[in-house]
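Here the structure is laid out as structure tokens; the discussion comes afterwards.
Positions are given from 1, in the same order as the sequence printed here. First listed ligand is number 1; within each ligand, the first listed atom is number 1.
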Amino acid sequence: MSIAQERRLVTAIPGPESLARLDRKKQHVADGVGTTLPVFIVEAGGGVLVDVDGNHLIDLGSGIAVTTVGNAAPAVVRRVQEQVAAFTHTCFMVTPYDGYVDVCAELAELTPGDHAKKSALFNSGAEAVENAVKIARVATGRDAVAVFDHAYHGRTNLTMAMTAKNMPYKNGFGPFAGEVYRAPMSYPFRDGLSGEEAAARAIDVLEKQVGAANLACVVIEPIQGEGGFVVPAPGFLPALAAWCTANGVVYVADEIQSGFCRTGDWFASDHERVVPDLVTTAKGIAGGLPLAAVTGRAELMDSVHVGGLGGTYGGNPVACAAALGALEEMREHDLVTRAREIGVTMAGRLADLQETYAVIGDVRGRGAMMAIELCAPGTTTPDAARAAAVAAHCHAHGVVVLTCGTWGNVFRFLPPLSISDALLAEAFDVVAEAFAATA
Ligand SMILES: *Cc1c(COP(=O)(O)O)cnc(C)c1O
């Protein structure tokens, strides 16, 4: 690793060079495109982001769960360089190439279940979710789509309808796509229900308000991402999947944030051995290049007429090369195991913090996808102000952290799996200082 794996602050955060560039950003980039931490990055790798002022920041966000294998991971760089020099695009729908098929073969092997599977590749997570719905509708001949409270599925018109939170994702952008229905999510910290009870509650809503015979698919994040890293109670997902199977409803796992080693399994669905009919993936799949996929039962995937799925750039050869490089990194460095180790470390540090700071109402997550929810002590009343203060302290001290959740009161920790133990420990020292400083 050529980048020194250390936190090194040589200016205030953001420094003068970043501030100058921030002015240019304000001049040229639409205000609607927000920025969490305005340091302009010139280099990144391992667990470190280097900015234009020469500051080394510790990365606990992975560009929102994307650079799971690390930034500029060697196998990704090598394969991308080879591919970009060979050819950059043909459009797979015009003249095909091996990389696309190789990625689909890998997805068939790695995603849950040993049934016959096929895939189609796209550019973004939202596009994958849209296509999963298209496939489920054609396969079932039904219209309705079920999603959950706190869900996040993207920012296109259909996926905005599927996303729960109004601000900032939906406000003013309607009217939204129809035939999208929302069911209550299992949220143990807030509802205290067992998985079976929460599933019965959700199924009752779907049966009474939609009707199973009208439902094309149920789309669910096995661990919710933007909605607050909500981990459903054990038994919730298996019960829901079983109900879908019994009623001819396509069960779609949106593993866009939780997939590819992040949770200490290849996919979060693996934890309870749930076998989805369709899986959507993106984010961690390609080490930072834009790629997404729908993978599922061959007979479902093949229900769509020829030409019904695709897009100009979907499964671009450079992005596919990056995905094959990312998978090489995941296998070679056993990142499933590494995610579990990181998870043990993070869970320990967060449990210690919770003992000291009563504002931490809940510690949850799995593997390298952990979160804490901040609430008025002893209640479930969200404390977004404290979350913002803690985040600001972390940022000022060179640790990139992300918040999330319906009330903006959840910290999510998503380090790249290439981070060293020493850096991870230092990052959580800073998080602890941030709680002390804002107490
Ligand atoms: C990020 C995300 C999406 C949308 O992916 P984009 O690539 O941003 O379109 C969809 N679902 C989940 C669970 C996500 O985390």
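Judged by the 6.0 Å distance and 45° axis criteria, Lys170 is positioned over the aromatic ring of Phe176.
Contacts with ligand 1 closer than 4.0 Å are made by side-chain heavy atoms of Lys283 only, the backbone lying farther away. Contacts with ligand 1 closer than 4.0 Å are made by heavy atoms of both the backbone and the side chain of Ala126.
Under the 4.0 Å criterion applied to side-chain N and carboxylate O atoms, Glu82 and Arg79 are not assigned as salt-bridge partners. Remark: Lys118 engages Asp302 in a salt bridge, criterion side-chain N to carboxylate O under 4.0 Å. Between Glu373 and Arg190, at least one side-chain nitrogen of the basic residue sits less than 4.0 Å from a carboxylate oxygen of the acidic one, meeting the salt-bridge criterion.
Ring geometry for Tyr187 against Phe189 counts as tilted: the plane angle lies between 30° and 60°, on a 0 to 90° scale.
By the definition of a contact as any protein heavy atom under 4.0 Å away, atom 11 (N) of ligand 1 is in contact.
Looking at Glu221 next to ligand 1, no N or O pair under 3.5 Å apart turns up. In terms of polar-atom proximity, defined here as any N/O pair under 3.5 Å, Gly154 makes no such contact with ligand 1. Considering backbone and side-chain N/O atoms, Val129 never comes within less than 3.5 Å of an N/O atom of ligand 1. The shortest N or O to N or O distance between Glu127 and ligand 1 is not under 3.5 Å.
Considering only heavy atoms from C-beta on, Val129 comes within 4.5 Å of Ile256 through its side chain.
Taking CH2 from Trp407 and OG1 from Thr381, the interatomic distance works out to 10.5 Å, rounded to the nearest 0.5 Å.
Using a 4.0 Å cut-off to heavy atoms of Asp254, the atoms of ligand 1 that qualify are 10 (C), 11 (N), 12 (C), 13 (C).
Scanning the protein for heavy atoms near atom 7 (O) of ligand 1, the closest one is Gly125 N, 2.7 Å.
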